[in-house]
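Numbers restart at 1 for each chain; the letters A, B, ... are given by sequence-line order, proteins then strands. Since this is a predicted model, take the numbers as computed values, not measurements.
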Amino acid sequence: MSLHQIKDLAGLHRHLHAAMQLEHATIPPYLTALYSIKPGSNIEAFDIIRAVAVEEMLHLTLVGNLLNAVGGTPDLTVPGFVATYPAMLPDGEEDFAVNCRKFSPEAIATFLKIERPARVDQGDQGGRTVARRKLPGAIQAGHVGDDTEEHFFSIGEFYKAIERGLDHLYSEIGDSLFCGDPERQIGPEYYYSGGGALIAVTDMASAKAALDLIAEQGAGITGSIFDEDGEIAHYYRFQQLILGRYYQPGDQRDNPTGGVVPVDWDAVFPVKTNARIVDYPVGSDIRLAAENFNRIYASFLARLTHAFQGAPEEFIPAIGDMFHIKELFYQLMRQPIEGNDDSNAAPTFEVNQTPQETS
Amino acid sequence: MNGTEPFAIPPEVAFSTTYDVAIVGSGVSGALIAKTLGANGLKVLVVEAGFGEDVTISDYSKSIERFYSQVSKDNNAPYAHSRNAPMPRDYDAIKLRDGKPNDKGYLVQNGPFEIDSTYSRVLGGTTRHWEAKALRMLPDDFKMQSAFGRGRDWPISYESLSADYARAERELGVSGNVEDQEYGGLTFEDGYVYPMKRMPPSFLDKAIAKDIDGFEIEVGGETFELHVRSTPQARNGIPNPAYDGGKGFVPKGAVSIHQAEMGGRCQGNTNCVPICPVQAKYDARRTLLSAMDSGNVHLLPRTVASRVEVDGTTGQVTGVSCKTYKDKDALDHTIGRLKARIFVLAANAVENARIMLASDLHGSSRLVGRNLMDHAYLLTWGLMPEIVGTGRGPLCTSGIEDIRTGAYRKHHAAVRFSIHNDGWGWATGSPYTDLAELVDTHNLTGRALRNGLIDRVGRQVLLDCMIEVLPEETNRISVDPAYIDQMGNPRPVISFDIPDYTLETASFSRRLTRRIYQRLGAEDHTAYDPLAPGWVTHEGEGFTLRGGNHWAGTHIMGSDARTSVVDAAQRSWDHKNLYLAGAGSMPSIGTANTTLTLAALCLRTADAIITEFAAGKNASQMSNASQSVTA
């Protein structure tokens, strides 16, 4: 059995907070790679990364629904919610850190690690977890004790642990586990992208359906390329960029046989990896723009928090916010950093940081 | 569609197979029929004159880029021109002089009126440039002769078509709300909701509603109260959880044979015509690709139907001769023959008539090609007193529908009005022309130019007046050996005039829109150029009327072989195994864009074909050749 079984409601809430952080932690790296692609080039790659990023937003919302359903309170504004890059994922994979970097083979290699399938031999046991000492780059909600945090090999195993915790608590307290206000659920009308849909979580069946969707769209629990709806898992979507072909039904893993996926690694803004505000000269336009980005992003997260805390209709203006954020991305990424001929600017995502991170 | 490659089948395979049904045209009519038949196990071939591109995201992006880079942003600007399957272009329409036809474009315009309407010969047909308005026709529109002593009655009623409208709204994915459609006798099934909620009204809609809602006008002795109402449209919006008895609706998104982008909701790019950058707008590729997913539907692109072959004794169609090309423009092509038990021409009202007439098939009623209809659009435009956010949202989110029917139709044509979120673009070429004017005439630069553009463009309002045209036998498509295309196929020759019945409503609409602009406190900037194509005069006043791309009537539907071309199922009276599908069958077009209605008709046609096969009249097996083919 795992060392860190979820034994109580507080533990479930903490894991779901971590899951929201985890889903969000993928978004700055995905968007940085996405918008570093020069408009009009790398159409296939743009589309693949965008599709995954949009589904991570779906997963974030599904976890928010689950947390609301079990009486928790989603909050995307708590200090440390936004990771500091390079970041260790909040579910605790030890062997890689996630960077915000331009569209590149290195970026895709990291994306593949983020979305890697669960180890089949570990899945039954709720994932391999070990304790490790707290690291400065890791995210707060992943901490389970004063000095330790838990580790999973993959996101899939992390969710498996949540599911086991859910089962455990349900066996103890039954339907009263789902004590949240149903009015807070974000329904299917607020999202669609063809792949999956928002599920309002009100009972065990809908909770399981939400977790299944996250797992299927990510790595696929069993590592299969297509899920039962015929949708291709994120891991294999990204792999198409490295292998240069689309997967089609009937293909074997690592051997896609569909149409060609052309990639032009040079048609990319050479943005600085893990840019920080301090990288931009004091008083420069770039610095002002980057600070403005962080302010806008913080207010966007505040709007989402408001939406999760009982105002679902706020998801509609949040769509406008996302267009604004895209424009601000391009505004920065088109600009070379003064005194640094090799690198263009990029958003820094230094938003609502913990005192430790800002120090 | 999860990716079947190759996407199209080779011509030699298509031509050596005997299908249950062969369909000419991959537009909304052909695709809907193919999908319904394929789902019922019939083996279907769809033939498309266009190149058959745009089944991947990157191909689609190329069309968008082509549109962005074109100087003339006409309806077919996103699509590469092809000498082998040429398309009408808006800019081909010129003012006719001295009774000489204009044969500069693909269409030969005989006049006296010049239509600037077009259609698209590409995969998915003209839905590749349509705006996606999906209004139902009104009950009165189906009985023009009996209700108003004008035009023709349909052999079917609104009530009997209502369920098929609902099916079409599902297939096309219509956003709308029933509450806004309660006018003009429209009825819906109890509890019916559209698949998706209405497109949110634009700021401009609300600004206009403030001054127009409740405005009472008198037309033909009847008093009407005007209201701004949302326009149903086949554009992805917010799915309605109450749809289908609470089952909800799952919108279909972008089309791709590779799984990439999975769909888009309207983002308000105001670029609906000709091409939606995020594929929120329905086009027939969605239906076609899901038809092909059944495994029963094959696609043969780059193939132009040239002649329908008929058995002189039985009148049965024995085949359709086709020409298949490899290169868009090169001269060479190969000739083949479609073999099937049932044939469907679904190439739109102009091309269906052209193919029939090129085959010397005028119909026993001699009405093939006649009764050509299209909507006549009178455009009016002005500047609102305040900035109204022009350029946000789909082209139109609302309209004024209250006088779509009334006793006045005994005397003049019906009309509806659309409120345009895209400013004066359709009428003047704005915003590009505004920029040129502010720079060249007003000598503005820098900040003054920016502010000038915001002030000019941001206050623009355009009301289009969509006016009914009734069927008249002298308005027609014909063919003439003097006009052939590169492949040797005759080009469509158009003879058209705007009837007084319609012109009277043009005058009325200009008067009414003047009053509307007065109520809005807007400056009326409407002006018509006597040298422009579409210039007409009526009782001392001149207008330019624009085409609506709603070609209809050329194989008109009726209850009698002597006075119509097809029956209520769109089956040819003269050729029992031939269906002529699409707006060409419509005996009236009222004030609704034709697509939703023709989609409903085509679903009925598919039902009729399925019934026919089920009854065993055409019971048959695929030939051996076809069984070895997988789509």
Side-chain angles (χ1 to χ4, degrees), chain A residues 39-55 58 187-200 217 225-227 229-234 236-237 240-241 245-251 256-263 313 315-317 319-320 322-323 326, chain B residues 1-7 55-66 68-69 173 175 195-197 200 236-243 246-269 277-280 286 290 293 295 392-393 630:
Chain A
S41 71
N42 283 309
I43 286 160
E44 294 81 1
F46 187 92
D47 195 72
I48 286 169
I49 299 171
R50 182 184 174 280
V52 174
V54 167
E55 289 186 358
L58 170 66
E189 62 268 37
Y190 291 108
Y191 171 92
Y192 67 78
S193 169
L198 266 175
I199 297 165
Q217 285 190 333
I225 299 168
F226 295 94
D227 68 15
D229 299 324
E231 198 195 341
I232 183 169
H234 292 179
Y236 298 100
R237 275 186 201 268
Q240 298 173 134
L241 293 172
R245 283 198 176 273
Y246 283 107
Y247 276 106
Q248 55 184 345
D251 280 351
T257 63
V260 172
V261 181
V263 175
E313 66 281 0
F315 269 85
I316 298 295
I319 294 166
M322 289 191 273
F323 278 99
K326 174 183 172 181
Chain B
M1 187 96 187
N2 292 327
T4 44
E5 292 185 81
F7 178 63
V55 290
T56 63
I57 296 293
S58 63
D59 279 351
Y60 191 86
S61 301
K62 279 179 203 144
S63 296
I64 296 170
E65 288 301 322
R66 191 180 292 118
Y68 287 155
S69 62
S175 296
M196 289 171 281
K197 295 178 181 175
N236 286 342
I238 298 174
N240 192 333
Y243 182 68
K247 293 200 195 95
F249 178 77
V250 179
K252 276 194 210 154
V255 166
S256 172
I257 58 166
H258 309 307
Q259 192 165 76
E261 165 61 34
M262 302 267 314
R265 189 181 287 196
C266 175
Q267 300 176 351
N269 285 288
V278 297
Q279 302 201 45
R286 281 191 201 164
S290 68
D293 274 349
R392 290 180 205 154
T630 51

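Note that the OH atom of A/Y246 and the CD1 atom of B/I257 stand 9.5 Å from one another [nearest 0.5 Å].
Neither the backbone nor the side chain of A/F46 comes within less than 4.5 Å of any heavy atom in chain B.
The two residues B/R265 and A/Y190 come nearest to each other via the heavy atoms NH2-C, 3.8 Å. Closest non-hydrogen pair, A/I43 versus B/S58, comes out as CG2-CA, 3.7 Å.
Within 6.0 Å of CZ on A/R245 lie more than 12 heavy atoms contributed by other residues, nucleotides or ligands.
Residues that satisfy the side chain to side chain donor-acceptor pair (under 3.5 Å) test with A/D251, not counting sequence neighbours, are A/T257.
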